[in-house]
Amino acid sequence: MPQSMSDAWREIHPNPDPNEDLDYDLVELDFIPTSTSGGEEVLVLPTDEDMLREDAFMVVDRDSVIDLTDRA
């Protein structure tokens with residue numbers, strides 16, 4: 001009998017590998033501080049220009065941006 005989605009999640013490691021376990025593709029991003037809101041926001045853009053054409057960008061609070069290599 002096939003597993004339900006809720007049962008499948010129970011078998012995933014508590015700290016899954018984004019690529020192997022979740023099928024995420026990592027992309028290179030550029031982080032550009034904005035001049036609006038006193039520089040409190042950051043524009044996050046993919047370095048791949050084709051992705052940018054697909055509206056792949058975010059505007060986030062500066063405190064939301066962290067370097068994950070510092071957390072390893």
Side-chain angles (χ1 to χ4, degrees):
M1 182 163 102
Q3 285 185 318
S4 71
M5 183 60 104
S6 61
D7 290 337
W9 278 105
R10 291 181 186 164
E11 294 182 14
I12 292 180
H13 188 274
N15 188 17
D17 179 273
N19 186 274
E20 295 294 321
D21 298 325
L22 303 175
D23 293 326
Y24 288 172
D25 292 324
L26 300 179
V27 298
E28 293 290 324
L29 300 171
D30 287 328
F31 300 89
I32 303 167
T34 65
S35 58
T36 62
S37 304
E40 293 297 317
E41 295 174 331
V42 177
L43 184 59
V44 181
L45 303 167
T47 57
D48 181 350
E49 193 173 308
D50 289 336
M51 289 182 71
L52 185 57
R53 289 188 181 132
E54 296 174 8
D55 297 329
F57 68 91
M58 297 180 287
V59 178
V60 299
D61 181 85
R62 181 181 295 272
D63 293 334
S64 298
V65 178
I66 59 170
D67 186 347
L68 295 179
T69 57
D70 293 341
R71 298 186 148 231

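All residue numbers refer to positions in the sequence shown, counting from 1.
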Show the numbers, then the answer: is there a side-chain contact (heavy atoms from CB on, under 4.5 Å) between I32 and L45?
CA-CA 8 Å; I32 303 167; L45 303 167; 3.5 Å; yes

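- Environment of OH in Y24: sparse, with no more than 12 heavy atoms of neighbouring residues, nucleotides or ligands closer than 6.0 Å.
- A heavy-atom distance below 4.5 Å is not found between the side chains of L26 and N19.
- Applying the side chain to side chain donor-acceptor pair (under 3.5 Å) test to E28 and every residue at least two apart in sequence or in another chain returns nothing.
- Within the 4.5 Å cutoff, no side-chain heavy atoms of V27 are placed close to those of D48.
- Counting all heavy atoms, side chain and backbone alike, D30 lies closest to T47 at OD1-CG2, 3.4 Å.
- Looking at T34, its side chain never comes within 3.5 Å of a backbone N or O of V42 through a donor-acceptor pair.
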